Amino acid sequence: MDFFTLINKRQSDRKFSSKPIEEDKLMRCIEAARISPSACNAQPWTFVVVDDVSKKEKVAKCAVSLVMNKFVTQAPVIIAIVLEKPNLTSKIGSVVKDKEYPLIDIGIAANQFCLQASELDLGTCIIGWFDEKEVKAQLNIPDNKRVPLLIAVGYSEANQRTKIRKPLEKMYRRNSY
Ligand SMILES: Cc1cc2nc3c(=O)[nH]c(=O)nc-3n(C[C@H](O)[C@H](O)[C@H](O)COP(=O)(O)O)c2cc1C
């Protein structure tokens with residue numbers, strides 16, 4: 001599969017089968033996240049794999065609300081990405097340049113995970129809407145740490161969708177804004 005086909009294949013899957021994920025596939029996705037770029041190579045993340053059935057159910061419930069994320073309960077694995085303290089250079093850079101490099105880093109690592117998953121025919125959905133406090137309690141994550149994202153992972157039963165995106169002329173300029 002060429003790279004463009006892969007990034008076009010990746011989509012937010014919201015329907016999963018109960019088929020378990022092979023350990024080697026899961027660890028390959030973690031490895032893809034591990035080798036992500038990050039500001040000053042700070043790697044400000046810990047990926048917590050939640051695959052214990054009862055724990056996973058409890059974490060999934062943290063993402064479900066009246067209208068949001070009911071499908072998360074179907075996913076056999078949930079990843080919680082914990083935001084770790086960046087190194088000093090990244091921290092200084094964030095302050096001096098007024099940019100939240102660690103959050104950008106987390107987004108890139110999450111996407112590398114998802115792209116690798118897609119290449120292995122796994123489905124994913126990045127989840128930003130969840131009860132963070134409760135996720136931390138369920139996973140023994142200290143109160144002073146943040147969990148910016150979860151990723152639901154599993155074999156998808158969703159159909160491949162055409163991407164809905166802004167047209168090129170609305171997201172692209174050249175040489176001047
Ligand atoms: C930071 C972030 C948070 C997201 N949170 C959720 C979420 O809580 N629930 C959900 O169903 N999708 C969530 N998504 C998926 C987006 O809705 C999805 O990426 C977007 O609609 C584009 O569709 P695609 O991923 O299928 O290409 C999130 C995506 C990102 C990047």
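Bear in mind the structure is a predicted one, so any value in this text is a computation, not a measurement. Both backbone and side-chain heavy atoms feed into the values below; hydrogens, waters and symmetry mates do not. Atoms within each ligand, like the ligands themselves, are counted from 1 in listed order. The chain is numbered in sequence order, starting from 1.
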Which residue and non-hydrogen atom of the protein lie closest to [atom], and at what distance in Å?
{"atom": "atom 23 (O) of ligand 1", "result": "Arg165 NH1, 3.8 Å"}
{"atom": "atom 21 (O) of ligand 1", "result": "Arg14 NH2, 4.4 Å"}
{"atom": "atom 26 (O) of ligand 1", "result": "Arg161 NH2, 2.6 Å"}
{"atom": "atom 9 (N) of ligand 1", "result": "Asn69 OD1, 2.7 Å"}
{"atom": "atom 20 (C) of ligand 1", "result": "Ser12 OG, 4.5 Å"}
{"atom": "atom 30 (C) of ligand 1", "result": "Ile126 CG2, 3.7 Å"}

message = Quick check: Gly128 and ligand 1, any N/O pair under 3.5 Å apart?
response =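 Looking only at distances, the answer is yes, because the N/O contact criterion of under 3.5 Å is met.
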task = Please determine if Gln11 has a nitrogen or oxygen closer than 3.5 Å to a nitrogen or oxygen of ligand 1.
result =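 By distance alone, the answer is no.
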ask   = Is the CZ atom of Arg14 crowded by more than 12 outside heavy atoms at less than 6.0 Å?
value =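 Yes, the 6.0 Å shell around CZ holds more than 12 heavy atoms from other groups.
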In terms of atom number and element, which parts of ligand 1 are under 4.0 angstrom from non-hydrogen atoms of [X]?
{"X": "Cys125", "result": "10 (C), 11 (O), 12 (N)"}
{"X": "Leu149", "result": "1 (C)"}
{"X": "Trp129", "result": "8 (O)"}

ask   = Got a sec, which residues hit side-chain contact (heavy atoms from CB on, under 4.5 Å) with Lys9, two or more places apart in sequence or on another chain?
value =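 If we apply the side-chain contact (heavy atoms from CB on, under 4.5 Å) test to Lys9, skipping adjacent residues, the hits are Met1, Ser118, Asp121, Gln160.
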message = Can a donor-acceptor pair be found, under 3.5 Å and without considering hydrogens, that links the side chain of Ser156 to the backbone of Gly123?
response =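 No.
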query = Is the backbone of Pro76 close enough, under 3.5 Å, to the side chain of Asp51 for a donor and an acceptor to pair up by distance?
reply =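 Such a contact is absent between Asp51 side chain and Pro76 backbone.
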Check: Gln138/Glu134 side-chain N/O donor and acceptor closer than 3.5 Å =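 Yes - a donor-acceptor pair under 3.5 Å links their side chains.
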message = Grouping I, L, V, M, F, W and Y whenever their side-chain heavy atoms are under 4.5 Å apart, do Leu149 and Phe113 come out in a common cluster?
response =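 Result: yes, single cluster for both.
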message = Looking at every non-hydrogen atom in both residues, tell me the closest pair between Trp45 and Pro37 and how far apart they are.
response =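 Result for this residue pair: CH2-O, 4.0 Å.
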ask   = Val135: which other cluster members, linking ILVMFWY side chains closer than 4.5 Å, directly or transitively?
value =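 Noted: Val135 shares its cluster with Phe16, Val48, Val50, Val59, Phe71, Val72, Ile78, Val82, Ile127, Phe130, Leu139, Ile141, Val147, Leu150.
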task = Work out whether the distance between some heavy atom of Phe71 and some atom of ligand 1 is less than 4.0 Å.
result =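 Heavy atoms of Phe71 do come under 4.0 Å of ligand 1.
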